[in-house]
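Computation of the quantities below employed the complete heavy-atom set of this structure, encompassing side-chain atoms and omitting hydrogens, waters and symmetry-equivalent molecules.
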Number of protein chains: 2
Amino acid sequence: MARALAPAQIDVSADLIRAAGVKVTRGRVRVLDALHSARQPLSHAELEARLGDPAEPAMDRVTLYRILDSLVACGLALKAVDTRGVFRFSAAGAQRQHANHVHFRCTDCGGVFCLKAEPPPPPRLPRGFRLNEVAFDLRGTCAGCSLREGA
Amino acid sequence: MARALAPAQIDVSADLIRAAGVKVTRGRVRVLDALHSARQPLSHAELEARLGDPAEPAMDRVTLYRILDSLVACGLALKAVDTRGVFRFSAAGAQRQHANHVHFRCTDCGGVFCLKAEPPPPPRLPRGFRLNEVAFDLRGTCAGCSLREGA
DNA sequence: CCCGCAAATGCAACAAGGTTGCGTTTACAG
DNA sequence: CTGTAAACGCAACCTTGTTGCATTTGCGGG
Ligand SMILES: [Mn+2]
Ligand SMILES: [Mn+2]
Ligand SMILES: [Zn+2]
Ligand SMILES: [Zn+2]
């Protein structure tokens, strides 16, 4: 009861996981759902907080690490290190939606913020070079961290 | 005795440190020397190993962290995170020259190419955000790799 | 529907990298 | 030379991430 989800919408994550050839577990589905509904790459700690569903029995810290590793291994998630040296995870496929705008990376908390502006056109490349991706990243301190530390 | 150093060469690090407006200590001089003579950015662990001078009393782990922080704070060293999430330090001045132009990173061979173009002006930031650094990186395959693989 | 087994999970212990608190020592301005 | 703020050494602590092992679970095959 109280399970009001659009039938066409449920189990998208489960299907992806099955298609990737690994076991479909409650944990993997929850984590992949969280990654899909996130607007920026999430750290292990942020995921743990976001997964705090009172109904669910709160998954183990190590299990979350292993789930993330398995999602990366089968190509469903991407892993990258942030400015603080902490790993952040994002749903694969979601990265293309971040291709066309600028990102701000807080050197203090490691947070990633999507800005509205789109990246400027790339300069002319030397002969023979093939462009694949443009990364226009701004680094500094976010509003929260600036406040907290900024005297 | 046994102190055979070219007179013009000695104390360059000490002078830099003094000019930066912080106290000149044996530890800071040793670390800045090590950073200057390194060919790549060094991690805390690598520095600790490299500083294993039997004559000196082997500086404390925490002190090394604090020395590195102080060198970064006064602009004599740069701190960056590597792909494993570990901080690496380098003498400033070496990289300063790469601050004001665009880079192309070959995803195939890992090479970094400096382009002539300077990075475009950053977009307006949300309220409270403080900008420190702008990175405009292009990713793709360089001329050599494009040729070799480009069938 | 049930079984068996590999894969996944939970828990405890561990490890590396980094930070904090505090008493002692040291650089250096006056 | 002296006083003092800054730097140092040491112990304890924290966060992020990993490993070993016993228990549970997804799921293919009967
Ligand atoms: Mn984005
Ligand atoms: Mn350059
Ligand atoms: Zn921040
Ligand atoms: Zn290349």
Side-chain angles (χ1 to χ4, degrees), chain A residues 11 13-32 41-51 53 56-74 76-77 79-89 106-111 145 148-149, chain B residues 11 13-32 41-53 56-74 76-77 79-89:
Chain A
D11 281 345
S13 291
D15 288 345
L16 283 169
I17 293 166
R18 209 182 337 269
V22 296
K23 286 190 183 176
V24 179
T25 70
R26 207 186 334 233
R28 293 219 252 246
V29 173
R30 276 213 284 161
V31 172
L32 191 52
L42 300 177
S43 67
H44 175 277
E46 289 167 349
L47 274 163
E48 221 176 2
R50 187 167 303 214
L51 261 45
D53 186 337
E56 301 282 335
M59 99 179 59
D60 185 71
R61 221 170 60 81
V62 177
T63 300
L64 178 52
Y65 275 116
R66 292 202 267 233
I67 285 176
L68 287 168
D69 281 348
S70 77
L71 292 178
V72 170
C74 71
L76 291 175
K79 182 181 186 178
V81 69
D82 73 14
T83 52
R84 262 181 14 194
V86 174
F87 291 118
R88 286 177 175 271
F89 301 85
C106 178
T107 49
D108 216 47
C109 66
C145 291
R148 208 176 356 273
E149 99 189 24
Chain B
D11 282 346
S13 291
D15 288 344
L16 283 169
I17 293 168
R18 209 181 337 269
V22 296
K23 287 191 182 175
V24 179
T25 69
R26 202 177 343 217
R28 292 219 251 245
V29 174
R30 276 213 285 161
V31 172
L32 190 53
L42 300 177
S43 67
H44 176 276
E46 289 166 350
L47 274 164
E48 221 177 2
R50 187 167 305 215
L51 261 45
D53 185 337
E56 302 283 335
M59 100 179 57
D60 186 71
R61 219 170 61 83
V62 177
T63 300
L64 178 52
Y65 275 116
R66 291 201 268 231
I67 286 176
L68 288 168
D69 282 347
S70 77
L71 292 179
V72 170
C74 71
L76 291 176
K79 182 180 185 177
V81 67
D82 71 13
T83 51
R84 267 185 12 207
V86 175
F87 292 120
R88 288 178 173 273
F89 301 85

Practice task
Could you pick out which residue, A/V22 or B/M59, lies toward the 5' side of DNA chain D when each is mapped onto its nearest nucleotide?
Solution key: B/M59

Handout entry: Upstream residue (5' side of DNA chain D) when A/V86 and B/R28 are each assigned their closest nucleotide
Key =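 On the 5' side of the pair lies B/R28.
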
Between [N] atom [atom2] and [X] atom [atom1], what is the distance in whole Å?
X: A/K23; N: C/dT9; atom1: NZ; atom2: P; result: 9 Å
X: B/R30; N: D/dC8; atom1: CZ; atom2: C1'; result: 13 Å
X: A/D11; N: D/dG26; atom1: CG; atom2: P; result: 14 Å

Handout entry: Among C/dG18, D/dC10, C/dT9, the nucleotide that comes nearest once only the side chain of A/T63 is considered
Key = C/dT9

Problem - Under-4.0 Å side-chain N/O to phosphate OP1/OP2 contact, B/T25 with D/dC8 - result: yes

Handout entry: Distance below 4.0 Å between B/R84 side-chain N/O and C/dG17 OP1 or OP2
Key = yes

Problem - Salt-bridge criterion met for B/D15 and B/R18 (N-O under 4.0 Å) - result: yes

Practice task
May I ask you to verify whether the side chain of B/R61 and the base of D/dG9 hold a donor-acceptor pair under 3.5 Å?
Solution key: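 Answer is no: no donor-acceptor pair is held.
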
Handout entry: 5' priority, DNA chain C, between B/G85 and B/R66 [closest heavy atom]
Key =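 Closer to the 5' end of DNA chain C: B/G85.
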
Handout entry: Identified side chain to side chain contact (heavy atoms under 4.5 Å, CB included) counterpart of B/F89 within the set B/L42, B/V72, B/V31
Key =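 Single pass found, and it is B/V72.
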
